[in-house]
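Notes to accompany the following structure.
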Amino acid sequence: MEVALKEILLSKGKVWLGIDIDPSWIQFQPTRKGVRGDVTLMVFPFAKALQLPPAQVAELIGKHVKSEVSFVTDFEVIQGFLNFVFSETLWSDQLIAIHQNDSFGIADPDSKQMVMVEYASPNTNKPLHLGHLRNIFLGYAVAQLKKAHGHQVIKTQVINDRGIHICKSMLAWHRFAPLQSNGERETPANSGLKGDKLVGKYYVEFEKYLQLEVKEVLTRWNTGDFSNTSASALEKFQELDQALVGKEGKAEAAILDKIKELAKNETEILRAAQDMLVRWEGRDPETYLMWSAMNGWVYEGFAVTYQRMGVDFDKLYYESDTFLLGKDQVMDGLARGVFYQKPDGSVWIDLTPDGLDEKLVLRSDGTAVYMTQDIGTAIERFHDYPSLSSIVYTVGNEQDYHFKVLFLILDKLGYSWAKNCFHLSYGMVDLPSGKMKSREGTVVDADDLMEEVVNAATVMTQERGQIAELTEGERHNLFESIGMGGLKYYLLKVDPKKRMLFNPEESIDLTGNTGPFIQYTHARINSLLRKAGPIQIDESALVIESGEIELIKVLAAFPQTIAEAADNYSPALLANYLYELTKAYNSFYQQSPILNETNEGLRAARILISRNIAKVLKTGLIILGINAPERM
RNA sequence: GGUCCGCUAGCUCAGUUGGAUAGAGCAACUGCCUUCUAAGCAGUAGGUCUCAGGUUCGAAUCCUGAGCGGAUCACCA
């Protein structure tokens, strides 16, 4: 409608007002709540150009539009705002159009370019935690949004399966896991422990032991015993020890931290882990076997977690496969002068002209760093999918700088797709007690949390739910859908780029702005529709009043919301829209009879609206990765 | 210190081409189940949109500066 009005203003404006109309003057917005009208035209730009009072200009435009545009039945002028009132048939036509479109809001599949969405880049030494949940739900929802918006989507993850962290778990398991009577060490099979939990347990063991050893080293150093200490460490220690003199508070703590770091590298157990990494890179059979076995346990554990989360991937990338990929690209870039080499052999890129720093892209010993690997992986992906147009990286905002540099390097290497790549940067999840810290044991485990929210949903649903007709299995699914729905919505409703607070009590709440609130409304509408039975709707006899129009307006905004949420990589926009729609419907539902309405045309219109609101709620929830139960 | 991000009600958050009286939820208080699912609805109370300037018909929104909080600036990933 706005498009039509704009065209008329552009074509007739000169005749009506006597001057050429600049398209930028034409600014529409939905008419404010509580004011009569459907769409508002800003008249200030016109008034300014005409040198006339806004009210007078508004009156002039309004009169012409009313007489020449069929669907505008009236207009009203308030201050500098010109509010148009649309005809009722316009709204009933709109409702019918929505009703007839089963995939309302969803763009034609594959009508847009192919995008790859990367989310969940777990390390294989620890179980998943709350931070991963935000990452994964967010990435999955963005993938779904892109799909709904017409893109072909490849969901992927990079698994950080190599490096010192996994060697730590391996070493600790090898040293500390008790030998059982049959000669085996602890495994998921013989202990019943989930694979990722088992490996994580030994990672913690490693860290504990490391801390003990660090303490010993520090004690030795403080008493002047430097046996077993490398010459370079001794030198640095003396330097730092000198620097301590006269320092207090923060400055002192910073130096003490550095000394601690130094001591870490002088511990036997860390050196053993480093040796193990070297052996792994040398494909030492025993090490490699242990590595693949323990990673296998972790993958089995992750699979269970992912399944409960309801997410999946189309393609997996393993760092152990990709960590060397970037080296050729770096050597190639070096030859072309994009990079430069220092005397020690390390390769760098100078980004100071772009306002950034110099960045290492290859170590002096020729091994790959994080950046090398990411360069290689990105290029590999465009080889794997020749029609790919961009990659979305769902990674925490602590890596903003890394991705800025990565995209810049890819651009300098001459890849035109680099400018299409996007870092979906999300904020950290804080707890009421502050930041999650693994060292302090304040990390919220993903499996534990999911169990908790589903338990809470189970209790509440058994108490209040309409579940008498459901089988045992259906109930189980329902509890799962409500608990997980609440958790997902809780994490998705907040603007992704913002840091957010995770309040455990609120996360299991089922009232207010929550997932279950929306699910409940959807289920209630379905109950209503079941009672209504099959109905014949006489489209020409629909009766639409102001309350109905309000709901149709919100419904009609759905496609636009999908588009915006997809373009902005923000499931939060969709989540908030669904909440608005739910609130609007509930308010209507409480004050207007639907099945009990005696006016046939009105009853039909209300049923039609209810049905289509349920349809939109379900479509939207599924995009967010949330189930929409038929009854609850 | 350089760079980037954030700051809106007691708490958690919406507020995206600058637009009318800044909105929700939670917590507090008051009502509404003998009509379609009360996980709901209606209402009361709660605001110097961190601060100071600027741009203009109009600023929570754009610009500049300051304050507070966070991230980042590794031959870690």
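Keep in mind it's a predicted model, so treat the numbers as computed, not measured. In what follows, chains are A, B, ... by sequence order, proteins preceding strands, each numbered from 1.
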* Can you tell which of B/U37, B/A77, B/A14 lies closest to the side chain of A/N576? -> B/A14
Which protein N or O atoms sit under 3.5 Å from an N or O of nucleotides 32-36 of chain B?
unit_1 : atom_1 : unit_2 : atom_2 : d
B/U35  : O2'    : A/N596 : ND2    : 2.8
B/C36  : O3'    : A/K531 : NZ     : 3.1
B/C36  : O2     : A/L595 : N      : 2.9
B/C36  : N3     : A/I594 : N      : 3.0
B/C36  : N4     : A/Y589 : O      : 3.0
B/C36  : N4     : A/S592 : O      : 2.8

* For residues 571-582 of chain A, pull every pair meeting side chain to side chain donor-acceptor pair (under 3.5 Å), keeping only residues two or more places apart or in separate chains. => none
What nitrogen or oxygen pairs link the protein and nucleotides 6-9 of chain B at under 3.5 Å?
unit_1 : atom_1 : unit_2 : atom_2 : d
B/C7   : OP1    : A/K498 : NZ     : 3.0

* To do: Identify, residue by residue, the members of residues 359-368 of chain A with a heavy atom below 4.0 Å from RNA chain B, and return them in order of residue number, or none.
  => A/L360, A/R363, A/S364
Could you list all N or O pairs between the protein and nucleotides 54-62 of chain B that sit under 3.5 Å apart?
unit_1 : atom_1 : unit_2 : atom_2 : d
B/C57  : OP1    : A/K48  : NZ     : 3.1

* Structure fact -> For A/R631, the salt bridge (charged side-chain N to carboxylate O under 4.0 Å, His left out) test, sequence neighbours excluded, returns A/E469
* To do: Please identify each residue that fulfils salt bridge (charged side-chain N to carboxylate O under 4.0 Å, His left out) with A/E630, with sequence neighbours left out.
  => A/K618
* Using a cut-off of less than 4.0 Å, is there contact between a side-chain N or O of A/Y520 and OP1 or OP2 of B/A39? -> yes
* Structure fact -> Expected string for nucleotides 21-28 of chain B under the B/S/- scheme (protein heavy atoms, under 4.0 Å, primed atoms plus P, OP1, OP2 as sugar-phosphate) is S-SSSS--
* Give a yes/no on whether any side-chain N or O of A/S587 is located under 4.0 angstrom from OP1 or OP2 of B/A42. => yes
* Given the rule that a pair is Watson-Crick or G-U wobble with both distances under 3.5 Å, how would you write RNA chain B in dot-bracket, using | for pairs to a different strand? -> (((((((..((((.....[...)))).(((((.......))))).....(((((..]....))))))))))))....
* salt bridge (charged side-chain N to carboxylate O under 4.0 Å, His left out) involving A/R606 - partner list, sequence neighbours excluded -> A/E548, A/E597
* Asked: Taking only residues two or more places apart in sequence or in another chain, which ones pass salt bridge (charged side-chain N to carboxylate O under 4.0 Å, His left out) with A/R499?
  -> A/D430
* Contacts of A/H129 that satisfy side-chain contact (heavy atoms from CB on, under 4.5 Å) - sequence neighbours left out -> A/H132, A/M436, A/V443
